Amino acid sequence: MPELPEVEIARRQLSRWTAGDVVREVRVLDAAAIRHKRSTMPRDAHPDGVRALEAAVVGRAADEPMRLGKRLGWTFGEAPRGLQLHLGMTGQWVRRAPADEPPRFAKLGLVLDGRTLWFLDSRRFGCVVPSEDVPRELAEGLGPDAWLNPPNAEELGYLLRGRRPVKVTLLDQARLAGVGNIHAAEALWRSGISPERAGDDLTPAELARLAEELPAQLDEAIRTQDTDEFQYVTQGGENPFSVYGQHRCPRCEGDVAKLAQSGRTTWWCPSCQQ
DNA sequence: GACAGTGTTTAATT
DNA sequence: CAATTAAACACTGT
């Protein structure tokens, strides 16, 4: 369920779990998880995926994984060659002992000394893409990273320009990279802005609030979710969000409403968000 | 059984 | 033509 915070946490985990060590071999359980381009579709499987993956990683030391928006990139001692990693809707990476059975939904594994890193993905929208120029392909078509390079009020006004509802534009990765359905709703709630407002109609004061609250929302999510064992935020436990998936607004106690916006559900508090 | 779902790409429409 | 919306993708959980 990755948005920017979950992808950043995955990046940190891969970094910790590899610590610059050498990949000894790969295990490929579903070759369609290796794609020749960024794609959500198994039909875009790399024609020679296993060999391309092995050529990229086997016998090589892992560099620090990089992230832009919701995309991960990984090079292995011969940058800019390496892999793009895409989690899609349900992708995740876990660490297991080498002798362990592959976890449920395991697509492929990177075997290092003393541990194997598995890519799991029940829904198969995620993938690994062998790439000749990881940094360039990672940045292709993306706006600035919403957490690493947060826009100021004025820049945000430009990024959200147009008649489209602000919530919809926030999800446009070409304008701003990393914001997804949950954190867009949460940031608008924190800012007291209705998701239906057109970007062009936001006042300087509202833009200033949103420019503050959006990175704050992402930062909080990273800090509260960055534990050693990866967990999707909706997986077990209570709903940690203020409006997403909630019935009652924690600020005014009023009813939370749902709205359909370009095919996605927007959760919001009509009384707190004007 | 029907339906919604944290995402992205491509096709269709405005 | 650029901007925007809808559909498709594949599968699980409710």
Side-chain angles (χ1 to χ4, degrees), chain A residues 1-10 29-33 35-45 67-72 84-93 103-107 119-129 137-143 146-147 158-189 195-196 198-200 214 217-218 220-222 224-225 230-246 258-268:
Chain A
M1 82 141 133
E3 297 187 26
L4 186 154
E6 294 78 27
V7 179
E8 173 61 18
I9 289 162
L29 279 59
D30 178 6
R35 314 232 161 109
H36 63 83
K37 59 173 185 178
R38 275 194 309 277
S39 168
T40 56
M41 290 176 274
R43 79 158 70 120
D44 287 315
R67 180 195 59 76
L68 184 55
K70 303 171 193 172
R71 302 176 184 169
L72 288 173
Q84 298 181 64
L85 312 180
H86 300 285
L87 302 181
M89 270 299 243
T90 52
Q92 57 177 299
W93 284 83
R104 188 150 124 96
F105 304 126
K107 301 299 161 186
F119 174 58
L120 324 179
D121 186 20
S122 65
R123 204 170 154 185
R124 303 184 81 201
F125 284 177
C127 63
V128 165
V129 185
E137 291 180 29
L138 213 61
E140 223 169 38
L142 292 187
W147 181 68
Y158 178 71
L159 292 172
L160 297 178
R161 72 191 178 281
R163 298 307 305 167
R164 265 194 303 180
V166 55
K167 156 65 163 43
V168 174
T169 311
L170 277 174
L171 300 186
D172 185 341
Q173 303 299 299
R175 296 288 184 93
L176 191 60
V179 184
N181 202 38
I182 292 179
H183 295 299
E186 294 293 301
L188 288 171
W189 178 83
E196 296 189 281
D200 281 347
L214 184 57
Q217 167 66 28
L218 298 171
E220 261 176 43
I222 292 171
T224 59
Q225 295 174 50
F230 184 94
Q231 264 210 334
Y232 278 144
V233 284
T234 50
Q235 198 174 354
E238 292 181 9
N239 177 347
F241 304 114
S242 298
V243 281
Y244 183 88
Q246 296 292 2
K258 282 196 284 183
L259 186 65
Q261 293 188 292
S262 65
R264 314 296 300 280
T265 302
T266 301
W267 302 72
W268 67 300

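Heavy-atom basis, side chains included; hydrogens, waters and symmetry copies ignored. Every chain is numbered from 1, with letters handed out A, B, ... down the list of sequences. All of these numbers come straight from a predicted model, not from anything done at the bench.
For the pair A:Lys167 NZ and B:dG7 C1', the interatomic distance rounds to 12 Å; values are reported in whole Å. Nucleotide C:dT12 holds its P atom 14 Å from the CE atom of A:Met89, rounded to whole Å. Note: CD (A:Gln261) to P (C:dT5) measures 10 Å, nearest angstrom. Rounded to whole Å, atom P of C:dC9 lies 14 Å from atom CZ of A:Arg35. Between the P atom of C:dT5 and the CZ atom of A:Arg163 lies a distance of 12 Å, rounded to the nearest Å. Rounded to an integer number of Å, the gap from A:Leu68 CG to B:dT8 P is 12 Å. Atom pair A:Glu3:CD and B:dG7:P shows a separation of 5 Å (rounding to whole Å applied). Going from atom OH of A:Tyr244 over to atom P of B:dA4 covers 13 Å, rounded to whole Å.
Note: A:Phe125 CZ to A:His86 NE2 = 14.5 Å, rounded to the nearest 0.5 Å. Atom-to-atom distance recorded for A:Ser262:OG and A:Lys167:NZ is 6.5 Å, nearest 0.5 angstrom.
In terms of phosphate contacts, A:Lys258 brings no side-chain nitrogen or oxygen within less than 4.0 Å of OP1 or OP2 of B:dG5. The phosphate of B:dT10 has neither OP1 nor OP2 within less than 4.0 Å of any side-chain N or O from A:Arg43. Neither OP1 nor OP2 of C:dC9 sits under 4.0 Å from any side-chain N or O of A:Arg124. Considering only side-chain N and O atoms, A:Arg38 lies under 4.0 angstrom from the phosphate OP1 or OP2 of B:dT9. Taking only side-chain nitrogens and oxygens, A:Thr90 never comes nearer than 4.0 Å to OP1 or OP2 of B:dG5.
Stacking between A:Phe125 and C:dC9 is present: the aromatic ring centre lies within less than 5.5 angstrom of the base six-membered ring centre, and the two planes differ by under 30 degrees.
Taking the side chain of A:Arg164 as heavy atoms from C-beta on, and the options C:dT4, B:dG7, B:dG5, the nearest nucleotide is C:dT4.
A donor-acceptor distance shorter than 3.5 angstrom exists from the side chain of A:Asp121 to the backbone of A:Gly126, with no hydrogens or angles considered.
By the side chain to side chain contact (heavy atoms under 4.5 Å, CB included) test, A:Arg175 pairs with A:Arg161, A:Arg164, A:Thr169, A:Asp172, sequence neighbours left out.
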